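The shown structure was predicted, so the numbers you read here are calculated from the model rather than taken from an experiment.
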Amino acid sequence: MKVFRRFTVAIATLTLLASCHFDDYGGGVPVDASTLVFKKIGSLSNGSGDEGFAEISAYDPITQQLFIVNPNDTEVSVWNISDPTAPVIAVAIPVNGIPNSVAIHGHLLAVALENAADKQANGTIAIYDTITQLLLYTFPAGALPDMVTFSPDGRYVVAANEGEPNDAYTNDPEGSVSIIDLVTRQVTTAGFSAFNGQEIGNGFRVFGKNATLAQDVEPEYIAITEDSKTAYVALQENNGLAIVDLTTKTVTSLVGLGTKNHLDARNTLDASNKDAIVGNLQNWPVLGLYQPDAITYTTIDEIGYIISANEGDARDYDGFSEEKRIKDLLLDPTVFPNAATLQANENLGRLKTTIANGDIDGDGDFDQLYCYGGRSFTIWDTSGNIVYDSGDLIARKTLEINPSLFNNDEGEADDRSDDKGAEPEAVATLKIGETTLLFVGLERTGGVLAFDISNPVAPVFLDWLIDTHDIGPEGLITIPASQSPTAKDLIVITHEISNTVSIYEVRKGA
């Protein structure tokens, strides 16, 4: 246990440092967020050619290095950012498997590794020392560990095992959550079989081909409470959330996240890429499935919140697909007497929908229409109730600031309107004094939107951090001033399409 005691000392030191805010805002002092400026101060290119050389990153304040998931080279790339204006590449860490996620606590680096030979087989979690880069431990995980994180106290490593089916949909492993106790070095796999046969409700979907609930759930992302006792796990395809007790290492409950009504005045959307209008925001008789990708946990005025980026996702495999366009559905003539108009390409015809939901009475036609993703971010309470949803704010702000990037696909404006719009992918928060900032990465539109969420029921838009050289933001982390090489708060954005990583500094404006 000597090795773990050494880690514990390092963790305690970092915790003490994190309690001291070294920037020029002053700890505990309210900050006028409207005066903040977000300045890009550095960037790096991690590989070239096809996408996939830079996905998720984690920062080590001890070595001042950035560790980047690089699945194309089956490694964790390492960059020294002690001078973030001029990052320097360091020695990479080769891994045994396909890396999907990284996380750091103290000088422990956790890497989620997918089984390279068989995606449906169990993966592993590898633990390295960030200083020596030596492999310390390897722990078994479930099928397709897609995200890994540490509990705030450093005791647990928690992995979301997505358990995706194969393309023929003949092998659908169960989704699970791996909980590694670094004190006992024991691994517990928290599964979902106890919920088989149950109706969760509130829009929670179980619809895979011949799948039990345990097979159908696909854990995507994890957020852990500050007391390290509870983990919240996004179940994206299922439109749900799992609540995990880290003390008992069990899934205690499942929560359906419901739907958003796009007939509501705040929830307009551009539903077509064939209407010759960029930003044709209208209300439509469609329900949006929130289907969050990344989630995070934060406290504001001592109240805990979960924040989600509502990207959306469909199951679309050779052996089973739920995805169709609305123009290809038979609509109930009583519910939709204007079906022919709705199903025109310039209206709802092009919008991608699901055939897994919507035939309420089972007569073969569709009584309700759904679209993937909320095209928004949502602040939830810890029971899964909505505190605030951004509605159509992302669409309206990006359209207002730069129409040429609205719902774009590889630079072509409006081309993703029939899919999931801007595709909010990543979320991260940053505390500056008593002010809480939220950053939301937009996978398709590009860049990161900044908000002041100090009042969680009324967030305030601040800025759009965007550089058109950076395409496809996938990973998003914040580095508080107390751990930053510049003694200023930083935002680090990892882009999976352009293989670039951008570094922004938070400055106090005039």
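Side-chain contact, T378 with D389: a donor N or O sits under 3.5 Å from an acceptor N or O. Side-chain contact annotation: N161 with S178, donor-acceptor N/O pair under 3.5 Å present. Defined by atom type and a distance below 3.5 Å, a donor-acceptor pair is missing between the side-chain atoms of T445 and N408. At a cut-off of 3.5 Å, with distance as the only test, no side-chain donor of S383 or N385 sits close to an acceptor on the other residue. No hydrogens or angles considered: a donor-acceptor pair under 3.5 Å links the side chains of N100 and E114. Residues S45 and N499 have side chains that never bring a donor and an acceptor to within less than 3.5 angstrom of each other. Side-chain N/O atoms of N310 and S376 include a donor and acceptor closer than 3.5 Å. No hydrogens or angles considered: nothing links the side chains of S502 and K40 as a donor-acceptor pair under 3.5 Å. A side-chain donor from one of N280 and D275 sits under 3.5 Å from a side-chain acceptor of the other. Side-chain contact annotation: D414 with S417, donor-acceptor N/O pair under 3.5 Å present.
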D216 vs N238, side-chain hydrogen bond (donor to acceptor under 3.5 Å, both in side chains): CA-CA, chis, key distance, verdict
CA-CA 8 Å; D216 204 63; N238 309 98; 3.0 Å; yes
Stepwise ring pair (Phe, Tyr, Trp, His ring centres under 6.0 Å) test for F67 and Y59
CA-CA 6 Å; F67 293 77; Y59 172 71; 9.1 Å; no
Could you please spell out the steps behind the side-chain contact (heavy atoms from CB on, under 4.5 Å) verdict for S498 and H469?
CA-CA 7 Å; S498 58; H469 293 96; over 6 Å; no
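Counting non-hydrogen atoms of neighbouring residues, nucleotides and ligands closer than 6.0 angstrom, the NZ atom of K327 exceeds 12 such neighbours. More than 12 heavy-atom neighbours from other residues, nucleotides or ligands sit within 6.0 angstrom of CG on D361. Summarising the local packing, CG of D50 is surrounded by 12 or fewer heavy atoms from other residues, nucleotides or ligands at distances under 6.0 Å.
Note on ring orientation: taking the six-membered ring where Trp is involved, the planes of F320 and F207 are tilted (angle from 30° to 60°). Between Y297 and Y232, the ring planes are parallel. Angles under 30° get that label, and only those over 60° would be called perpendicular.
F38 has its ring centre no less than 6.0 Å from the ring centre of Y504. Checked against a 6.0 Å centroid threshold, the rings of F336 and F366 do not count as neighbours. Between Y290 and W380, the ring center distance clears the sub-6.0 Å criterion.
When the options D418, D328, D415 are evaluated for a salt bridge (Lys or Arg N to Asp or Glu O under 4.0 Å) with R350, the one that passes is D418. The salt bridge (Lys or Arg N to Asp or Glu O under 4.0 Å) test with R416 is passed by exactly one of E423, E410, E443, E311: E423.
Under a 3.5 Å cut-off, the side chain of E55 and the backbone N or O of T494 do not form any donor-acceptor pair. Remark: side-chain polar atoms of D392 are paired, donor with acceptor, to backbone N or O of T268 under 3.5 angstrom. For the pair T435 (side chain) and V31 (backbone), a donor-acceptor distance under 3.5 Å is present.
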